[in-house]
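Some notes on the structure that comes next.
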2 protein chains.
Amino acid sequence: MSKGGDVVLLDFWASPFCMRVQIALSEKGVSYEARQEDLFGGKSELLLKSNPIYQKVPVFLHNGKPLCESTVIVGYIDETWTSPPLLPPCPYGRAQARFWADYIDKKLFDAVRDVVLSKGEATEAAKKELIEILKVLEGGLGERDFFGGKAFGFADIIAIPSTCWFLAAGKLGNFQVEAEFPKISGWIKRCMHKESVAKIIPDPEKIYEFVLMMRKMQGIDQ
Amino acid sequence: MSKGGDVVLLDFWASPFCMRVQIALSEKGVSYEARQEDLFGGKSELLLKSNPIYQKVPVFLHNGKPLCESTVIVGYIDETWTSPPLLPPCPYGRAQARFWADYIDKKLFDAVRDVVLSKGEATEAAKKELIEILKVLEGGLGERDFFGGKAFGFADIIAIPSTCWFLAAGKLGNFQVEAEFPKISGWIKRCMHKESVAKIIPDPEKIYEFVLMMRKMQGIDQ
């Protein structure tokens, strides 16, 4: 049992939503058991019982009590294990971090997924949408090191996991995030220098292989 | 100037998102200036400058510093004017309230809008979606008085403003929320007994008239 009780994550390795929870736990130094769910063969009874509304990973169980939705879970982790804090101390800074987390949560991964799991004109439309989002994020980052300012925090944890899907999006959408968005690229590098991030984020080549398998399963590729 | 500084809301009377902010301010006893935006004639320079990403109401200005997105603003209000608290004291209760606020924010008003601003098969599909959401909310409420438990709070503030659009949804979708969802109906009545809610929520008949005007403007009705 870890500091602060029994912590279990119903997990799937390629899910950016699950990676958010794992990075938050790593930042806090909380040990936990990550149980891989078989999303294709059949979800566990515990997942279906704990998340009846969405029936999705991540599900977080703290001393048996379930929580769902990754941004809610990361907020809970920040309030339960208070050091180091993931949100700035002042209400205005906290609200700004929550604004960016909310924007990223609503937009970024959906756009990435729409690029990698489509073809033809649909891919072009999704790529256009993703580039618009990346322009907004490039502006939001500005001259700051992280979305919360000088320190890695809440909005960075919400954003960084989707970036390991950028290689697949770039290959299938024929563009390079690194070349076209220098501020985002710098921010990704800074995040990846953190051990809590580097040890959780999978190799983008593995995500690309997973995407190719998904495309075959969904009949997008032969 | 109100307690805690100069508070301005860029507002639109029929927007449930603006009503959330107004109810939160009323609960806290904060006086403020609500400036009506002309969403059809042209948005103000202040709105466009303060919310360049979404260009939408509500925009909240506290001593001139802008915040956007209603759930972010309500969270800021709760952290800035701390009494009475809108979230429960324990992290798990807070996370549950945030889960419901997030579900409601993602689903409820979009479904209501899709019912009232559509016709034919699209209205039927939107009505089916709205009824599914209301079933989930009926289950989520269970035997509790409010979404946060015994006290009116964060998730209730996020949810209640959409309910003044239910009359229009019922008339245009041919169903009655009151008859079909007794727990939701009881919860609406309990919320409307609160002065902070009753004084903000507009007459549903006025919303219905507004919807009819919007339908004409959008060419849905002749």
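Numbers restart at 1 for each chain; the letters A, B, ... are given by sequence-line order, proteins then strands.
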Notebook entry, point to check: Relative to chain B, which of A:Ala101, A:Ala95, A:Pro52 shows the most heavy atom pairs under 4.5 Å?
Noted result: A:Ala95
Margin query: Consider ring-ring contact (aromatic ring centres under 6.0 Å, His included). Of A:Phe12, A:Phe109, A:Phe60, which one does A:Phe17 pass it with?
Written below: A:Phe109
Check: Closest heavy-atom contact between B:Ala168 and B:Val116?
Finding: C-CG1, 3.8 Å
Checklist line | B:Ile157 CD1 to B:Ile104 CD1 distance, which is reported to the nearest 0.5 Å | finding: 11.5 Å
Item checked: Gap separating the CD1 atom of B:Ile160 from the CD1 atom of B:Ile201, nearest 0.5 angstrom -> 6.0 Å
Checklist line | B:Phe152/B:Leu86 under side chain to side chain contact (heavy atoms under 4.5 Å, CB included): CA gap, chis, key distance, verdict | finding: CA-CA 8 Å; B:Phe152 176 81; B:Leu86 303 179; 5.8 Å; no
To see if you've got the definition right, give the donor-acceptor pairs under 3.5 angstrom between chain A and chain B.
{"unit_1": "A:Pro66", "atom_1": "O", "unit_2": "B:Tyr92", "atom_2": "OH", "d": "2.6"}
{"unit_1": "A:Glu69", "atom_1": "OE1", "unit_2": "B:Lys106", "atom_2": "NZ", "d": "2.8"}
{"unit_1": "A:Glu79", "atom_1": "OE1", "unit_2": "B:Arg94", "atom_2": "NE", "d": "2.8"}
{"unit_1": "A:Glu79", "atom_1": "OE2", "unit_2": "B:Arg94", "atom_2": "NE", "d": "3.2"}
{"unit_1": "A:Glu79", "atom_1": "OE2", "unit_2": "B:Arg94", "atom_2": "NH2", "d": "3.3"}
{"unit_1": "A:Glu79", "atom_1": "OE2", "unit_2": "B:Arg98", "atom_2": "NH1", "d": "3.3"}
{"unit_1": "A:Tyr92", "atom_1": "OH", "unit_2": "B:Pro66", "atom_2": "O", "d": "2.6"}
{"unit_1": "A:Arg94", "atom_1": "NE", "unit_2": "B:Glu79", "atom_2": "OE1", "d": "2.8"}
{"unit_1": "A:Arg94", "atom_1": "NE", "unit_2": "B:Glu79", "atom_2": "OE2", "d": "3.2"}
{"unit_1": "A:Arg94", "atom_1": "NH2", "unit_2": "B:Glu79", "atom_2": "OE2", "d": "3.4"}
{"unit_1": "A:Arg98", "atom_1": "NH1", "unit_2": "B:Glu79", "atom_2": "OE2", "d": "3.3"}
{"unit_1": "A:Lys106", "atom_1": "NZ", "unit_2": "B:Glu69", "atom_2": "OE1", "d": "2.8"}

Next item on the list: Would you please test B:Leu25 and B:Val7 for side chain to side chain contact (heavy atoms under 4.5 Å, CB included) and show each step?
Entry: CA-CA 10 Å; B:Leu25 289 169; B:Val7 179; 4.3 Å; yes
